[in-house]
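Taking it in order: structure first as structure tokens, then the write-up.
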There are 2 protein chains.
Amino acid sequence: METAARRQRDLRQRETLFLDRARKFLLSHGYHGLTMDRIAQATGYSRGTIYQHFRSKEDIIVALINRGMAQRLSMIERAAGFQGRTRERMQAVGEAVDLFMRLYRDDARVAYLGNAEAVMQKASEASLNTMKGLLHQTTAIATGIVREAIEVGDLTLKPPATPEILIFNLWAITEEGHASGMMWTPPSELGVSNPLDAVINGCEMLCDGYGWRPLSHECNYSAARQRILGEIFPEESRKLGILDADWRGRRKNRVVSN
Amino acid sequence: METAARRQRDLRQRETLFLDRARKFLLSHGYHGLTMDRIAQATGYSRGTIYQHFRSKEDIIVALINRGMAQRLSMIERAAGFQGRTRERMQAVGEAVDLFMRLYRDDARVAYLGNAEAVMQKASEASLNTMKGLLHQTTAIATGIVREAIEVGDLTLKPPATPEILIFNLWAITEEGHASGMMWTPPSELGVSNPLDAVINGCEMLCDGYGWRPLSHECNYSAARQRILGEIFPEESRKLGILDADWRGRRKNRVVSN
DNA sequence: CTCATCCTATGACACAGTGTCAGAATTTGT
DNA sequence: ACAAATTCTGACACTGTGTCATAGGATGAG
């Protein structure tokens, strides 16, 4: 019986439709501008039908966040496979997040808007757990790289620092820095013209502070960036026009082996 | 006519009453648990009266946040007056934030809960501006210290770093780190047992990364912490029991002059 | 003390949105 | 073609918001 499969597919399709419309309202009119009525109106279904997919409007928001986080996770996974020194692999992960922010601005914005107690409080246990899982997977990759760095001898953590704490702080810079780009008070008002660059700078300096070798003055991390973009995210970076056309020609700039 | 003055005082007093009750509900039942009805009930006034003080429930939340931010700012201002090397003064500012987090847990939590688009969207222009002002004053103090560090020669920023970017990242670690302590997914689940310590560690490493002298291995910043607590926040730290009883005896550990 | 004036407090009201559920509508299998 | 199963619907009961005409209580002058 094939009908069941098709129905399943239809359901998924409709769920996607709901999510897409919801995102539109959330982005254009904020939390209070997103209502079940509007989604129903915009999709041609009735309110009741939406409730067959989601427990509440907050549940929709979390589902939306999860969709974005899954996308980001897949990019991070790809990045973690970069061939290079441990610190470069960490950099690749950062680059993945950066690309995600630029390429999927809407999803990033949704994540920012939805990251609120008002939302979490009313979301379903299920979607909250999915979210938690996604988050754990993401940090696991990052701490994995740190552990490897320690094993390989690129990094020596002095107490009370631990791999988790390092990632915790790296993550804080990244998240907060990116979030600030969408806040009520734009970072430009605080004298930071380009938060994305500020994040990169902060991560680099933090890694330097922890003594993660090679330090930024021992290695050309701008060149490493071009390699990462070219090898792992060629399409994405071309789409954004942030990859030097002749990056291959720059390979000589490659990091010197220890 | 003294009546006017007294009335003014009564109004303020009532406003405080509203805010206190509101905070109670916000903390215990979250955003959706805070309603005008409940506040009215709890204070013995009617809904209409509350609307004479605040435009909306979100406006109350922002007013609550502002109260906390003002308190924190005053502690930061005190800290910035610490006598010592520039980096120690920066540390003092961090210490002030840390103390604020411990001493005024409720206000800190309110700031976390209220930091959401859902709230800002409906808050009044006026309270939002107050908030912005408070934020600017806070960052101004911090960047001021960085600038002085550069002037004095304790710090040399390499492009693209700027005082604002340094503060931006330092701030990110502090805010996000502290916020994580109240999140839906506790930091302990991510392997960080004590986020407050993680923040301190992160700030220290970041400053080291930027080359802010004296670096952490050139100076005993734990000792500096005791001096800061003892000189600037004696009461506060005694209340928390985080000041060594004999901190004065440790003065010999003082930072060596360059 | 009384009354006119002014101001503040009140809660009923109109409205918007949520989540549910009995029954209508549609699809499926025979 | 029809009964059974499944899915969709919108009216319903609620909760909460923000407003406003009016009740109620000060205040000050006579």
Side-chain angles (χ1 to χ4, degrees), chain A residues 1-15 17-18 21-22 25-26 28-63 114 116-127, chain B residues 1-15 17-18 21-22 25-26 28-63 114 116-127:
Chain A
M1 187 142 312
E2 209 198 65
T3 354
R6 197 195 62 201
R7 191 175 301 164
Q8 201 64 19
R9 192 185 45 112
D10 285 354
L11 279 195
R12 277 197 191 293
Q13 220 166 278
R14 201 166 54 193
E15 193 159 306
L17 178 63
F18 287 147
R21 295 299 179 168
F25 287 119
L26 186 58
S28 57
H29 294 60
Y31 175 79
H32 296 289
L34 173 67
T35 71
M36 293 310 226
D37 258 331
R38 281 206 231 239
I39 302 175
Q41 207 89 37
T43 55
Y45 288 91
S46 74
R47 296 240 320 280
T49 304
I50 305 178
Y51 278 101
Q52 244 140 26
H53 292 261
F54 306 99
R55 270 210 206 306
S56 64
K57 115 179 179 178
E58 285 77 10
D59 214 34
I60 296 182
I61 299 179
V62 174
E117 183 266 355
V119 174
M120 303 306 163
Q121 191 192 9
K122 301 191 93 188
S124 72
E125 207 59 42
S127 42
Chain B
M1 187 142 311
E2 208 199 66
T3 355
R6 198 197 58 202
R7 191 174 300 166
Q8 202 64 19
R9 192 187 44 114
D10 285 355
L11 277 196
R12 277 199 189 293
Q13 219 167 278
R14 203 166 52 190
E15 193 158 305
L17 178 63
F18 286 147
R21 295 300 179 166
F25 287 120
L26 186 58
S28 57
H29 294 22
Y31 175 79
H32 296 288
L34 174 66
T35 70
M36 292 311 227
D37 257 330
R38 280 207 233 241
I39 302 175
Q41 205 90 39
T43 55
Y45 289 92
S46 74
R47 297 239 321 277
T49 304
I50 305 178
Y51 278 100
Q52 244 141 27
H53 293 260
F54 307 99
R55 270 211 205 307
S56 64
K57 116 178 177 178
E58 284 77 12
D59 214 34
I60 295 181
I61 299 179
V62 174
E117 181 267 352
V119 175
M120 303 307 163
Q121 191 194 8
K122 301 189 91 187
S124 72
E125 208 59 41
S127 42

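Convention: sequence-line order gives letters A, B, ...; per-chain numbering from 1.
Rounded to an integer number of Å, the gap from CG of A:Leu34 to P of C:dT18 is 8 Å. The OH-P distance, from B:Tyr31 to D:dT17, rounds to 9 Å in whole Å. To the nearest angstrom, C1' of D:dT6 lies 13 Å from NE2 of A:His53. Rounded to whole angstrom, the span from the NE2 atom of A:His32 across to the C1' atom of C:dG17 amounts to 12 Å. Rounded to an integer number of Å, the gap from B:Ile61 CD1 to D:dT17 P is 10 Å. One interatomic measurement links the two molecules: CD of A:Gln121 to P of C:dT18, which rounds to 15 Å at whole-angstrom precision. Rounded to whole Å, the distance from OH on B:Tyr51 to P on D:dG16 is 12 Å. If you measure from atom CD1 of A:Ile50 to atom P of D:dG10, you get 12 Å, rounded to the nearest angstrom.
The distance from the CD1 atom of A:Ile50 to the CG atom of A:Asp59 is 12.5 Å, given to the nearest 0.5 Å. Remark: B:Glu117 CD to B:Lys122 NZ distance equals 11.0 Å, nearest 0.5 Å. Atom-to-atom distance recorded for A:His32:NE2 and B:Gln121:CD is 5.5 Å, nearest 0.5 angstrom. Rounded to the nearest 0.5 angstrom, B:Ile61 CD1 and B:Phe54 CZ are separated by 11.5 Å.
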Please list each protein N or O that sits under 3.5 Å from an N or O in nucleotides 10-14 of chain C, with the distance.
| from | atom 1 | to | atom 2 | distance (Å) |
| --- | --- | --- | --- | --- |
| C:dT10 | OP2 | B:Ser46 | N | 3.0 |
| C:dT10 | OP2 | B:Ser46 | OG | 3.2 |
| C:dT10 | OP2 | B:Thr49 | OG1 | 2.8 |
| C:dT10 | O5' | B:Ser46 | OG | 3.4 |

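At a threshold of 4.0 angstrom between heavy atoms, the contacts of B:Arg14 are confined to the sugar-phosphate backbone, with no base atom among them.
With a 6.0 Å radius and a threshold of 12 heavy atoms from other residues, nucleotides or ligands, A:Gln13 has its CD atom above the threshold.
Shown here are the side chain to side chain contact (heavy atoms under 4.5 Å, CB included) partners of A:Arg14, two or more places apart in sequence or in another chain: A:Leu11, A:Phe18, A:Tyr45, A:Thr49, A:His53. Residues satisfying the side chain to side chain contact (heavy atoms under 4.5 Å, CB included) test with A:Ala126, not counting sequence neighbours, are A:Ser124.
Residue pairs that meet the side chain to side chain donor-acceptor pair (under 3.5 Å) test with at least one member in residues 33-43 of chain B, sequence neighbours left out, do not exist here.
The phosphate of D:dG18 (OP1 or OP2) has no side-chain N or O of B:Lys57 nearer than 4.0 angstrom.
Each end of the helix from C:dC1-D:dG30 to C:dT30-D:dA1 yields a helix axis from five base pairs, and these two axes differ in direction by 10° (to the nearest 10 degrees).
Using a 4.5 Å heavy-atom cutoff, the side chains of B:Tyr31 and A:Met120 are not in contact.
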